[in-house]
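Worksheet: the structure to be examined is printed underneath.
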Amino acid sequence: MGSHRRLAPSGFDRGAGAAVSILSVAVTALGALPSAAAPHDDTRAEVDRLYEQAEKATEAYNEADERADALREETGTARDRIARQQQRINSMRESLGSLAGAQYRSGGLDPTLALLLSDDPGEYLDRASRLDRFTAHQARELRKLQEAMRELAQDREEAAGKLRELVKSRKSVSAHKRTVERKLAAARLLLNSLPESEREAYGRASRSDRYGMPWLGDATAASARGAAAVAAARAALGRPYVWGANGPSGFDCSGLMQWSYAQAGVAIPRTSQAQRYAGRQVPLSEARPGDLVVYRGDASHVGMYMGNGQVIHAPHPGAPVRYDPVGMMPISSVTRV
C-alpha cells in the first residue's frame with residue numbers, strides 16, 4: 001500500500017517502576033492480560049496470543065485500507081465523468097439556444113423553444129404531441145438532452161453514495177489501526193515485564209534468528225513466475241516486520257507475499273484471506289516453491305513455501321522476515337498462483 005502507513009508506536013520505558021505502572025493500565029484496558037505475578041510461561045503464551053490477535057486485526061486493517069483506496073479511485077473517476085457529462089449538457093444547451101436565437105431573429109421566439117429551454121424538458125416531451133410546430137430534429141435533440149440530464153443525476157447520486165461509503169471505510173481503517181496498536185503495545189509491555197533472561201529465552205523460542213539459508217532440497221517452482229517470487233522473498237530475508245506494510249523496506253505477512261509476486265509481474269490480492277483464492281489450491285504434499293501457505297481457520301497468516309518443509313514469512317513485530325518450518329501453526333490451505 002501507499003506511504004501513509006506508519007509503524008506501530010514503540011519506545012516504552014523499560015524501567016521497572018514505569019513498566020509496572022503502564023502494565024496495570026494495559027491490564028485494565030484489555031481486561032484479559034495475566035497479572036505480574038503470573039508464571040513466565042503464561043506471560044509468554046499471552047504475548048503469542050496478543051501477536052496473533054494483532055495479526056488478525058492487521059489483515060482487517062489491510063482489507064479496510066484497500067477498500068478505502070479503491071473508493072478514493074472510484075470517487076475520482078465519478079467526479080471526472082460528471083464533469084464531462086456537465087460539459088456535454090452545456091454544449092447541448094448552447095446548441096439549442098442558438099436554434100432559439102435563429103427563430104427569434106426570423107420572427108419571434110417559438111413558444112415550443114421556450115419550453116425546450118426550461119428546467120424541465122420532460123414537461124415539454126409530454127406536451128409535444130399537441131404542438132404542431134415541433135420538428136422531428138428538435139424532438140431528437142431534446143430527448144438527447146433529457147437522457148443526458150438523467151444520466152448526470154444518477155451519476156451524482158452514485159458518487160454521493162461512494163463518498164458516504166468512503167467516510168465509513170476511513171472510520172473502519174482507523175478502528176482497526178487502534179486495535180492493532182493496542183494489541184502490540186500490550187504485547188511489548190508484557191515482554192518488558194519479564195526478566196532479561198526470560199526475554200532472551202522468548203527470542204530463542206520464537207527462532208527470531210532464522211534468517212540464514214536452510215537446506216531447501218531439490219524442488220523447483222511450478223512456474224517461472226513462482227521462481228521469480230521465490231527469489232524476491234529470499235531477497236527480503238531479515239527485513240523488519242511492519243504491520244500494514246507491503247515493502248520494500250518492511251512487511252507484514254500478506255504484504256511480503258504481495259510484494260514478492262509483484263516483483264514477478266503478478267498482481268495478487270492484499271490480504272491473506274483473499275490470497276488463499278489467488279490461484280489453484282493444492283494438497284500440502286504437492287507444495288512447490290512459490291506456493292502460498294495459508295494458516296489458521298480464519299486465514300489470518302500466510303507464508304511462501306520454499307522447499308524441504310520450509311516457508312519464508314514475516315512473523316510478527318521483533319521477528320524479521322525469516323525461514324520457519326511449514327507446520328509452525330495449523331495450515332488451512334496451500335495456493336499455487
Side-chain angles (χ1 to χ4, degrees), residues 8 30 32-33 41-67 172 175-177 179-184 186-187 190-191 202 205-208 210 229 233 236 241-246 250-261 268-306 309-337:
L30 295 174
L33 305 184
D41 287 346
D42 290 346
T43 301
R44 292 195 295 269
E46 180 65 11
V47 170
D48 289 338
R49 188 181 70 84
L50 286 167
Y51 277 147
E52 179 179 340
Q53 291 178 351
E55 187 163 45
K56 293 178 181 180
T58 296
E59 290 306 296
Y61 167 87
N62 290 336
E63 182 178 10
D65 200 35
E66 187 177 42
R67 177 58 179 158
S172 178
H176 287 306
K177 180 180 179 181
T179 299
V180 174
E181 291 175 337
R182 188 170 67 250
K183 297 295 184 182
L184 294 180
L190 281 175
L191 282 175
Y202 179 85
S206 66
R207 299 181 300 276
S208 59
R210 293 174 59 88
Y241 180 101
V242 180
W243 72 266
N246 62 346
F251 304 92
D252 60 23
C253 69
S254 57
L256 175 61
M257 302 301 104
Q258 186 184 51
W259 179 84
S260 297
Y261 266 97
I268 65 173
R270 177 63 180 90
T271 67
S272 55
Q273 289 86 356
Q275 287 174 2
R276 74 189 305 177
Y277 303 113
R280 177 172 61 91
Q281 294 193 1
V282 298
L284 177 61
S285 60
E286 298 178 13
R288 303 272 292 275
D291 292 348
L292 304 180
V293 182
V294 181
Y295 292 93
R296 306 189 187 111
D298 59 359
S300 58
H301 189 76
V302 63
M304 182 181 294
Y305 190 73
M306 304 300 285
Q310 297 289 313
V311 295
I312 277 181
H313 68 136
H316 55 71
V321 176
R322 71 189 190 201
Y323 287 99
D324 267 320
V326 67
M328 60 185 170
M329 62 183 75
I331 297 171
S332 60
S333 62
V334 178
T335 300
R336 181 160 299 158
V337 178

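Numbers here simply count residues along the sequence, with the first being 1.
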Inset, instruction - Show the numbers, then the answer: is there a side chain to side chain contact (heavy atoms under 4.5 Å, CB included) between Phe251 and Gln258? - result: CA-CA 10 Å; Phe251 304 92; Gln258 186 184 51; over 6 Å; no
Legend entry - Pair Tyr241-Thr58, side chain to side chain contact (heavy atoms under 4.5 Å, CB included): steps then yes or no: CA-CA 12 Å; Tyr241 180 101; Thr58 296; 4.2 Å; yes
Inset, instruction - Mind running side chain to side chain contact (heavy atoms under 4.5 Å, CB included) on Tyr305 and Val334 for me, showing each step along the way? - result: CA-CA 9 Å; Tyr305 190 73; Val334 178; 5.9 Å; no
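Residues Gln281 and Arg276 approach most closely at NE2-O, 3.3 Å, considering heavy atoms. Scanning all heavy atoms of the two residues, the minimum distance from Gly250 to Ala245 falls at O-CB, 3.6 Å. For Pro315 against Pro320, the heavy-atom pair with the smallest separation is CD-O, 3.4 Å. Nearest heavy atom pair, residue Pro269 against residue Ala278, reads CD-CB, 3.8 Å. When all heavy atoms of Leu256 and Ala236 are compared, the pair lying nearest together is CD1-CB, 3.8 Å.
Under the side chain to side chain donor-acceptor pair (under 3.5 Å) criterion, Glu59 pairs with Asn62, Ser254, Ser272, not counting sequence neighbours. Not counting sequence neighbours, the partners of Ala60 by the side-chain contact (heavy atoms from CB on, under 4.5 Å) test are His176.
Expressed to the nearest 0.5 Å, how far CD of Gln275 lies from CZ of Arg270 amounts to 7.5 Å. Taking OG1 from Thr271 and CE from Met257, the interatomic distance works out to 13.5 Å, rounded to the nearest 0.5 Å. In this structure, Gln310 CD and Met328 CE are separated by 10.0 Å, a value rounded to the nearest 0.5 Å. Taking OG of Ser332 as the start and CG of Leu284 as the end, the distance is 11.0 Å to the nearest 0.5 Å.
When the shell of 6.0 Å around CD of Glu63 is examined, it contains 12 or fewer heavy atoms from other residues, nucleotides or ligands.
Side-chain contact check for Pro317 versus Tyr51: some heavy-atom pair is nearer than 4.5 Å. Within the 4.5 Å cutoff, no side-chain heavy atoms of His313 are placed close to those of Met304.
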Considering only distance and modelled atom types, tabulate donor-acceptor pairs under 3.5 Å from the side chains of residues 288-296, sequence neighbours left out.
unit_1, atom_1, unit_2, atom_2, d
Arg288, NE, Thr220, O, 2.7
Arg288, NH2, Thr220, O, 3.3
Arg288, NH2, Ala221, O, 3.3
Asp291, OD1, Arg336, NE, 3.1
Asp291, OD2, Arg288, N, 2.7
Asp291, OD2, Arg336, NE, 3.3
Asp291, OD2, Arg336, NH2, 2.9
Tyr295, OH, Val326, O, 2.7
Arg296, NH1, Glu55, OE1, 3.1
Arg296, NH1, Ser300, OG, 2.8
Arg296, NH2, Glu55, OE1, 3.3

